Amino acid sequence: MRILTIGNSFSDDATEYLYEIVKSANGCECLYIGNLVYGGCSLNQHLQFFKEGSAVYEYRTNSGDGWHTKPNATALDCLLDGEWDIISFQQASGYSGKAESYDCLHEFTDLVREKVGNKPKFVWHMTWAYSTSADHPHFEWYGKDQEKMYGDIVQSVKEKILPFTEIKAIAPSGVSVQLARNTGLNGVGYELTRDGFHLDYGVGRYLAGLTLAKFFIGVDLDKVTFKPDGVTEEMAEEAKACVNTAGQKIQ
């Protein structure tokens, strides 16, 4: 299976442990992950980069021997790097609760579809709200209120992504993280982040990786044995429970 995420540093967080999670659950030795990264990149910015052929991305790949990075890549370089089964889109974190910012997704997916053909399944990665103490400038848009930001992200996904028939699955990492913030896991880092917005290197990234594995690839989380360093068995089980519940919140 070949999966490509078109994202930013939040897709870095979500894919960091994805290979190990999937392999531990089903022994998959043929997973290939591509991650197209430009820090803080919004959907509209991705669209403009695509139209202009801008060689601004870091293209990160993992086929079982760790992550490798190719700098100065274009989106087209990555789209044509083999035949993809899944292509994931996401919004920049600050814009994720602004429904109007999703409107360019239709044009973007149309352009991508022209290049990759009908085979890849297009999916959506829903990102998470910031910690209550975050100093990210976009947090001001939500009155520095985590619950408002979270609610606006969920509403935006329901309004713009659920009705969009081109998107075949949603990985609700934002829900997984928010549910985990109502458990003992919330005490990790800055409410599961390392800086108020990027996920904690251990269980935070693990939560997002489990979410992608379940909702994009169909992994049975009960079969996942991999845990990052510092994540106990109890923490792993709590994380899996949150992810298993997350899909019910965006129906």
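Both backbone and side-chain heavy atoms feed into the values below; hydrogens, waters and symmetry mates do not. What you are looking at is a predicted structure, and each value in this text was computed from that prediction instead of being measured.
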Novice: Would you please classify the geometry between the His138 ring and the His136 ring as parallel, tilted or perpendicular, with 30° and 60° separating the classes?
Specialist: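 Ring orientation, 0 to 90° scale: tilted.
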Novice: Would you say that Glu159 contacts Tyr102 through its side chain, given a criterion of any heavy-atom pair below 4.5 Å between the two side chains?
Specialist: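 They are not in side-chain contact.
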Novice: According to a 4.5 Å side-chain heavy-atom criterion applied to Ile, Leu, Val, Met, Phe, Trp and Tyr, with indirect links allowed, do Ile3 and Trp67 form part of one hydrophobic cluster?
Specialist: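 Hydrophobic grouping puts Ile3 with Trp67.
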Novice: For the OG atom of Ser54 and the CD atom of Gln48, what is their distance to the nearest 0.5 Å?
Specialist: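 These two atoms lie 9.0 Å from each other.
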Novice: Below 4.5 Å, heavy atoms only, C-beta onward: do Met149 and Trp141 meet side chain to side chain?
Specialist: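 Counting from C-beta outward, Met149 and Trp141 never come under 4.5 Å.
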Novice: Answer yes or no: is there a donor N or O on one side and an acceptor on the other, between the side chain of Asn8 and the main chain of Cys41, under 3.5 Å?
Specialist: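 Looks like yes, one N/O pair under 3.5 Å.
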Novice: Is the cationic atom of Lys98 (NZ for Lys, CZ for Arg) positioned less than 6.0 Å from the six-membered ring centroid of Tyr142 and within 45 degrees of its normal?
Specialist: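 Lys98 over Tyr142 ring: yes.
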Novice: When rounded to the nearest 0.5 angstrom, what is the spacing between CG in Leu212 and CD1 in Ile21?
Specialist: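 If I round to the nearest 0.5 Å, the distance is 8.5 Å.
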Novice: Looking at Arg2 and Glu83, does any basic side-chain N land under 4.0 Å from a carboxylate oxygen?
Specialist: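 Salt bridge flag = no for Glu83 with Arg2.
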Novice: So, for Asn62 and Gly64, which heavy atoms are closest and what is the spacing to 0.1 Å?
Specialist: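 Of all heavy-atom pairs spanning Asn62 and Gly64, the closest is OD1-N, 2.8 Å.
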Novice: Mark yes or no for whether Ser42, through its side chain, and Gln45, through its backbone, hold a donor-acceptor pair below 3.5 Å.
Specialist: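 It does hold such a pair.
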Novice: Could you go step by step and tell me if Ser96 and Thr127 meet the side chain to side chain donor-acceptor pair (under 3.5 Å) rule?
Specialist: CA-CA 7 Å; Ser96 290; Thr127 58; 2.8 Å; yes
Novice: So, for Gly53 and Thr74, which heavy atoms are closest and what is the spacing to 0.1 Å?
Specialist: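 Taking every non-hydrogen atom into account, O-CG2, 3.4 Å.
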Novice: Is Leu76 reachable from Ile87 through a run of hydrophobic residues whose side-chain heavy atoms are each under 4.5 Å from the next?
Specialist: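 Each belongs to a different hydrophobic cluster.
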Novice: Nearest 0.5 Å, please: how far is CZ in Phe108 from CZ in Phe50?
Specialist: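 With rounding to 0.5 Å, CZ (Phe50) is 6.5 Å from CZ (Phe108).
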Novice: Identify whether the distance between the nearest side-chain nitrogen and carboxylate oxygen of Arg205 and Asp12 falls below 4.0 Å.
Specialist: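 No, no charged N to carboxylate O under 4.0 Å.
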Novice: Please check this pair: side chain of Trp128 against backbone of Phe197, looking for a donor-acceptor N/O pair closer than 3.5 Å.
Specialist: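 Flag set: sc Trp128 to bb Phe197 pair under 3.5 Å.
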Novice: How about Phe10 and His198: are their ring centres within less than 6.0 Å of each other?
Specialist: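 Aromatic pair counts; centres sit under 6.0 Å.
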Novice: Can you check whether Val177 reaches Glu191 side chain to side chain, under 4.5 Å on heavy atoms?
Specialist: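 Contact flag for Val177/Glu191 side chains = no.
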Novice: Taking C-beta and beyond as the side chain, do Asn44 and Ser101 meet within less than 4.5 Å on heavy atoms?
Specialist: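 No, their side chains stay 4.5 Å or more apart.
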Novice: Tell me whether the rings of His46 and Tyr57 are parallel (<30°), tilted (30 to 60°) or perpendicular (>60°).
Specialist: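 His46 and Tyr57: parallel rings.
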Novice: I'd like to know if the side chain of Asp200 and the backbone of Val188 have a donor-acceptor N/O pair within less than 3.5 Å.
Specialist: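 Side chain of Asp200 to backbone of Val188, a donor-acceptor pair under 3.5 Å: no, none is there.
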Novice: Could you tell me which non-hydrogen atom of Leu47 sits nearest to which non-hydrogen atom of Cys104, and how far apart they are?
Specialist: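 Result for this residue pair: CD2-CB, 3.9 Å.
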Novice: Taking all heavy atoms of Gly202 and all of Val231, pick out the closest pair and write down the distance.
Specialist: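 So the minimum-distance heavy-atom pair works out to C-CG2, 3.9 Å.
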Novice: Test Lys214 against Asn244 for side chain to side chain contact (heavy atoms under 4.5 Å, CB included), laying out the working first.
Specialist: CA-CA 8 Å; Lys214 175 180 174 67; Asn244 281 327; 3.3 Å; yes
Novice: Are side-chain heavy atoms of Tyr206 and Lys240 found at a separation under 4.5 Å?
Specialist: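 Heavy-atom side-chain distance check passes, below 4.5 Å.
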Novice: So, Lys23 and Glu20, do they make that salt bridge, N to O below 4.0 Å?
Specialist: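 Looking at Glu20 together with Lys23, the answer is no, because their closest N to O distance does not fall below 4.0 Å.
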Novice: When you look at OH of Tyr190, are more than 12 heavy atoms from neighbouring residues, nucleotides or ligands closer to it than 6.0 Å?
Specialist: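 For Tyr190, atom OH is not crowded (no more than 12 foreign heavy atoms under 6.0 Å).
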Novice: Quick one: CD1 on Ile6 to OG on Ser88, what's the gap to the nearest 0.5 Å?
Specialist: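 The OG atom of Ser88 is 8.0 Å from CD1 of Ile6, to the nearest 0.5 Å.
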Novice: Show the numbers, then the answer: is there a side chain to side chain contact (heavy atoms under 4.5 Å, CB included) between Leu199 and Leu207?
Specialist: CA-CA 9 Å; Leu199 291 178; Leu207 269 165; 5.8 Å; no
Novice: Indicate yes or no: does Asp85 engage Lys119 in a salt bridge with an N to O separation below 4.0 Å.
Specialist: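 Looking at Asp85 and Lys119, the cut-off is met.
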Novice: Are Tyr201 and Leu192 connected, step by step, through hydrophobic side chains (Ile, Leu, Val, Met, Phe, Trp, Tyr) whose heavy atoms are closer than 4.5 Å?
Specialist: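 The answer is no; the residues belong to distinct hydrophobic clusters.
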Novice: So which heavy atom on Phe216 is nearest to which on Ala169, and how close?
Specialist: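 Closest heavy-atom pair between Phe216 and Ala169: CE2-O, 4.2 Å.
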Novice: Give me the atom names and distance for the closest heavy-atom approach of Val203 to Ala239.
Specialist: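 For Val203 and Ala239, the tightest heavy-atom pair comes out as CG2-CB, 4.4 Å.
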Novice: Begin with the C-alpha distance, continue with both residues' side-chain angles, and end with the deciding distance and a verdict on side chain to side chain contact (heavy atoms under 4.5 Å, CB included) for Leu111 and Glu114.
Specialist: CA-CA 5 Å; Leu111 292 174; Glu114 288 176 6; 4.1 Å; yes
Novice: Do you reckon Tyr150 sits in the same ILVMFWY cluster as Leu162, going by side-chain contacts under 4.5 Å, direct or chained?
Specialist: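 Yes; Leu162 is reachable from Tyr150 via cluster members.
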Novice: Do Ile161 and Leu105 have side-chain heavy atoms sitting under 4.5 Å apart?
Specialist: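 Counting from C-beta outward, Ile161 and Leu105 do come under 4.5 Å.
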Novice: Please determine whether residues Val154 and Tyr130 belong to a single hydrophobic cluster, defined as Ile, Leu, Val, Met, Phe, Trp and Tyr linked transitively by side-chain heavy-atom distances below 4.5 Å.
Specialist: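 Per the 4.5 Å side-chain linkage, Val154 and Tyr130 are co-clustered.
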Novice: Keeping Glu166 on the side-chain end and Phe122 on the backbone end, is there a donor-acceptor pair under 3.5 Å?
Specialist: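 Answer holds: no.
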Novice: Going from CD on Gln178 to CG on Asn186, what distance comes out if it is rounded to the nearest 0.5 angstrom?
Specialist: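 CG of Asn186 is found 8.5 Å from CD of Gln178.
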Novice: Do the non-hydrogen side-chain atoms of His125 and Thr5 ever get within less than 4.5 Å of each other?
Specialist: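 The answer is no; the side chains never approach within 4.5 Å.
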Novice: Is any side-chain heavy atom of Lys249 closer than 4.5 Å to a side-chain heavy atom of Leu179?
Specialist: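 Yes, at least one pair of side-chain atoms sits under 4.5 Å.
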Novice: Could you give me the CA-CA distance, side-chain angles and deciding distance for Leu36 and Phe49, then say whether side chain to side chain contact (heavy atoms under 4.5 Å, CB included) is met?
Specialist: CA-CA 12 Å; Leu36 187 61; Phe49 286 156; over 6 Å; no
Novice: Drop me the distance from Ser176's OG to Arg181's CZ, to the nearest 0.5 angstrom.
Specialist: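 It is 11.5 Å, given to the nearest 0.5 Å.
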